[in-house]
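A short write-up of the structure that comes next.
Every number for a ligand or one of its atoms is a count from 1 in the order of the listing.
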Amino acid sequence: MKRVFSGVQPTGNIHIGNYLGALKQFVDLQEDHECIYCIVDEHAITLPQDPQELRNHILDVAALYLAIGIDPKKSIIFVQSDVSGHAELGWVLCCNCYTGELSRMTQFKAKSGGQESVGTGLLTYPVLMAADILLYDTDVVPVGNDQKQHIELCRDIAIRVNHRFKDTFVVPEGRFMKAGARIMALDDPTAKMSKSAEAIHSRISLLDEDNKIKKSIMRATTDSDGEIRFDPEAKPGVSNLLNIYSAFSGEEVEAVAAHFAGKGYGDLKKELVAVAQEALAPIKKNYEEIRHSEELKMTLRDGAERAGAIAEKTMKRVRDTFGLGF
Ligand code: ATP
Ligand code: LTN
């Protein structure tokens with residue numbers, strides 16, 4: 001069976017962009033892959049976090065993993081900082097990556113832009129991500145489109161090390177959804193939907209109440225020509241709504257557009273509200289049952305043990321390869 005690894009940062013409310021771009025695939029993949037899903041708290045602290053909030057967000061993401069249908073009997077769920085190999089391999093990979101490669105990353109430029117002093121962790125963020133992936137001999141990495149560049153860098157580092165020391169790492173591949181890979185902000189369809197955006201109606205969180213879902217969709221930015229068709233260049237707002245509908249319903253976006261042809265924006269929005277509310281209802285219900293259960297922490301402890309055993313094998317190989325220790 002091929003091995004899958006992915007991670008989500010515990011930095012705020014998980015939104016439908018995270019879900020439709022990444023998390024939804026996590027569930028499907030566990031049927032015929034060996035899956036490892038991480039809560040990447042060490043990535044979260046590349047930007048300042050309130051310690052108490054960070055701990056709460058870790059458990060929030062863990063509960064959401066279970067609530068959407070990740071089954072801890074089939075998949076490993078764990079917290080990054082519970083397995084020391086991530087930081088250790090991160091260092092080894094830093095020594096095999098160039099600062100030029102890192103300063104060219106789009107996410108680094110976006111997150112460091114306008115700041116007076118920039119934390120080193122923000123620059124080396126993609127190296128830690130490469131360590132996450134390579135630590136588990138990962139074949140497949142399901143992520144949203146915004147992570148494409150980071151996956152490419154991870155592959156470059158793996159190939160570079162393998163060139164010098166044959167067969168050290170498995171070279172992984174990214175896996176991106178057709179619909180959902182890039183969900184845009186509802187109030188500004190030129191920007192990606194993001195956890196950190198100020199405007200609350202820019203996103204729909206997985207735990208939003210029905211009323212909030214309705215409000216956010218009904219006030220989503222469209223355009224003034226009134227025609228429903230899928231054309232992300234000319235009609236980014238309408239196309240984003242069609243894309244979200246497609247990702248929730250599983251219908252091709254062309255079929256969704258055909259279904260709404262000749263109808264008004266109000267019809268599209270109303271039907272989308274219903275589809276989103278229906279999809280999120282069971283997730284919210286499951287989440288409430290799981291979030292404060294003792295079982296949640298037990299799942300994370302068990303996951304850390306299982307992940308740690310795999311990681312330790314890789315780290316032994318890496319230490320031997322590089323001549324670390326004696
Ligand atoms: P922020 O928005 O604060 O930068 P984030 O939402 O990108 O954070 P992550 O936890 O790092 O947060 O992302 C988890 C997963 O969700 C990743 O696979 C990422 O590619 C995916 N993702 C994030 N935003 C979107 C989006 N708008 N559309 C599709 N996928 C997304
Ligand atoms: N950078 C990713 C989160 C992440 C990740 C990973 C994803 C950290 N390590 C390993 C896949 C594999 C993001 O979504 N912002």
Side-chain angles (χ1 to χ4, degrees), residues 3-26 29 35-47 49 54 57-58 60-62 64-65 68 78-81 83 86-87 89-90 93 105-108 110-112 121-122 124-136 138-155 157-158 172-186 188-199 202-206 236 240 243-244 246-248 307:
R3 189 172 282 159
V4 168
F5 182 96
S6 195
V8 172
Q9 299 189 77
T11 45
N13 293 328
I14 304 292
H15 51 75
I16 59 169
N18 302 133
Y19 179 62
L20 299 173
L23 288 156
K24 202 159 173 271
Q25 320 185 54
F26 294 5
L29 283 165
C35 297
I36 306 178
Y37 298 124
C38 187
I39 299 156
V40 290
D41 54 348
E42 291 169 337
H43 277 98
I45 60 164
T46 54
L47 291 172
Q49 304 293 335
L54 180 60
H57 284 319
I58 289 171
D60 293 345
V61 175
L64 268 177
Y65 272 170
I68 61 168
F78 78 106
V79 180
Q80 186 184 32
S81 63
V83 176
H86 293 259
L89 183 57
L93 300 185
M105 293 286 126
T106 322
Q107 183 179 296
F108 171 69
K111 295 209 170 176
S112 62
L122 214 49
T124 56
Y125 177 113
V127 186
L128 181 59
M129 178 164 162
D132 297 341
I133 296 167
L134 300 182
L135 190 56
Y136 297 95
T138 303
D139 300 294
V140 183
V141 189
V143 275
N145 259 355
D146 61 322
Q147 297 301 311
K148 243 182 196 163
Q149 217 183 15
H150 291 166
I151 301 287
E152 266 320 300
L153 180 73
C154 172
R155 288 170 53 86
I157 296 174
E173 279 184 26
R175 186 178 191 273
F176 309 93
M177 301 295 275
K178 188 160 172 248
R182 190 167 174 79
I183 301 294
M184 309 309 282
L186 294 173
D188 173 11
T190 60
K192 99 173 169 112
M193 187 177 284
S194 156
K195 286 186 204 137
S196 38
E198 287 267 321
S202 68
R203 63 181 164 264
I204 295 173
S205 298
L206 293 192
N240 189 37
N243 196 27
I244 295 172
S246 159
F248 268 126

Item to check | For atom 11 (C) of ligand 2, the option (of Gly174, Gly21, Ser6, Pro126) bearing the nearest heavy atom | outcome: Ser6
Checklist entry - Between Lys195 and Pro10, is there a donor-acceptor pair closer than 3.5 Å when you use the side chain of the first and the backbone of the second? => result no
Item to check | Protein contact of atom 10 (C) of ligand 2 - nearest heavy atom, named by residue and atom, plus distance | outcome: Phe5 CE2, 3.6 Å
Checklist entry - Is the side chain of Gln49 donor-acceptor paired with the backbone N or O of Ala44 at a distance under 3.5 Å, no angle test? => result yes
Checklist entry - Are the side chain of Asn18 and the backbone N or O of His15 linked by a donor-acceptor pair below 3.5 Å? => result yes
May I have every N or O pair linking ligand 1 to the protein at under 3.5 Å, one per line with atom names and distance?
residue, atom, partner, partner atom, Å
ligand 1, 2 (O), Ser194, OG, 2.8
ligand 1, 2 (O), Lys195, N, 3.0
ligand 1, 3 (O), Ser196, OG, 3.0
ligand 1, 4 (O), Lys111, NZ, 3.2
ligand 1, 6 (O), His15, NE2, 3.2
ligand 1, 6 (O), Asn18, ND2, 2.9
ligand 1, 7 (O), Lys192, NZ, 2.8
ligand 1, 10 (O), Gln9, N, 2.9
ligand 1, 10 (O), Lys195, NZ, 2.6
ligand 1, 11 (O), Gln9, NE2, 3.0
ligand 1, 12 (O), Lys195, NZ, 3.0
ligand 1, 16 (O), Asn18, ND2, 3.1
ligand 1, 18 (O), Gly144, N, 3.2
ligand 1, 20 (O), Gly144, N, 2.9
ligand 1, 20 (O), Asp146, OD1, 2.5
ligand 1, 24 (N), Lys192, NZ, 3.1
ligand 1, 27 (N), Ile183, O, 2.7
ligand 1, 27 (N), Met193, N, 3.4
ligand 1, 27 (N), Met193, O, 3.0
ligand 1, 28 (N), Ile183, N, 2.9
ligand 1, 30 (N), Gly17, O, 3.1

Next on the checklist: Donor-acceptor check, side chain of Arg203 to backbone of Ser194, threshold 3.5 angstrom: yes or no?
Outcome noted: yes
Next on the checklist: Once you restrict to heavy atoms under 4.0 Å, what part of Val141 touches ligand 2? Side chain, backbone, both or neither.
Outcome noted: side chain
Checklist entry - Where the side chain of Thr46 meets the backbone of Tyr125, is there a donor-acceptor pair that is under 3.5 Å apart? => result no
Next on the checklist: Looking at Ser81, is its backbone amide N or carbonyl O close enough to the side chain of Asp41 to form a donor-acceptor pair, meaning the two atoms are under 3.5 Å apart?
Outcome noted: yes
Next on the checklist: I'd like to know if the side chain of His150 and the backbone of Met129 have a donor-acceptor N/O pair within less than 3.5 Å.
Outcome noted: no
Item to check | Closest protein heavy atom to atom 3 (C) of ligand 2, given as residue, atom name and distance to 0.1 Å | outcome: Gly7 O, 3.7 Å
Next on the checklist: For the residue pair Glu42 / His86, report whether a side-chain donor-acceptor contact shorter than 3.5 Å exists.
Outcome noted: no
Next on the checklist: Is there a polar contact between ligand 2 and Gln107, counting only N or O atoms under 3.5 Å apart?
Outcome noted: no
Next on the checklist: I'd like to check whether Tyr125 has a polar contact with ligand 2, where a contact means an N/O of the residue lying under 3.5 Å from an N/O of the ligand.
Outcome noted: yes
Next on the checklist: Treating Lys178 as the side-chain partner and Ala247 as the backbone partner, does any N or O pair qualify as donor plus acceptor under 3.5 Å?
Outcome noted: no
Item to check | Arg155 side-chain N/O to Pro172 backbone N/O, donor-acceptor pair under 3.5 Å | outcome: yes
Checklist entry - What pairs with Arg3 under salt bridge (Lys or Arg N to Asp or Glu O under 4.0 Å), at least two apart in sequence or on another chain? => result Glu34
Item to check | Atom indices of ligand 2 within 4.0 angstrom of Gln9 heavy atoms, with elements | outcome: 15 (N)
Checklist entry - What atoms of ligand 2 come closer than 4.0 angstrom to any heavy atom of Val143? => result 7 (C), 11 (C)
Checklist entry - At a 4.0 Å threshold, what atoms of ligand 2 neighbour a non-hydrogen atom of Val40? => result 8 (C), 9 (N)
Checklist entry - If you measure from each non-hydrogen atom of Asp146 to ligand 2, which part falls under 4.0 Å: side chain, backbone, both or neither? => result neither
Checklist entry - So which protein heavy atom does atom 9 (N) of ligand 2 come closest to, and at what separation? => result Asp132 OD2, 2.6 Å
Item to check | Residue portion contacting ligand 2 (non-hydrogen atoms closer than 4.0 Å) for Val8 | outcome: neither
Checklist entry - With under 30° as parallel and over 60° as perpendicular, where do the rings of Phe26 and Tyr37 fit, or are they tilted in between? => result parallel
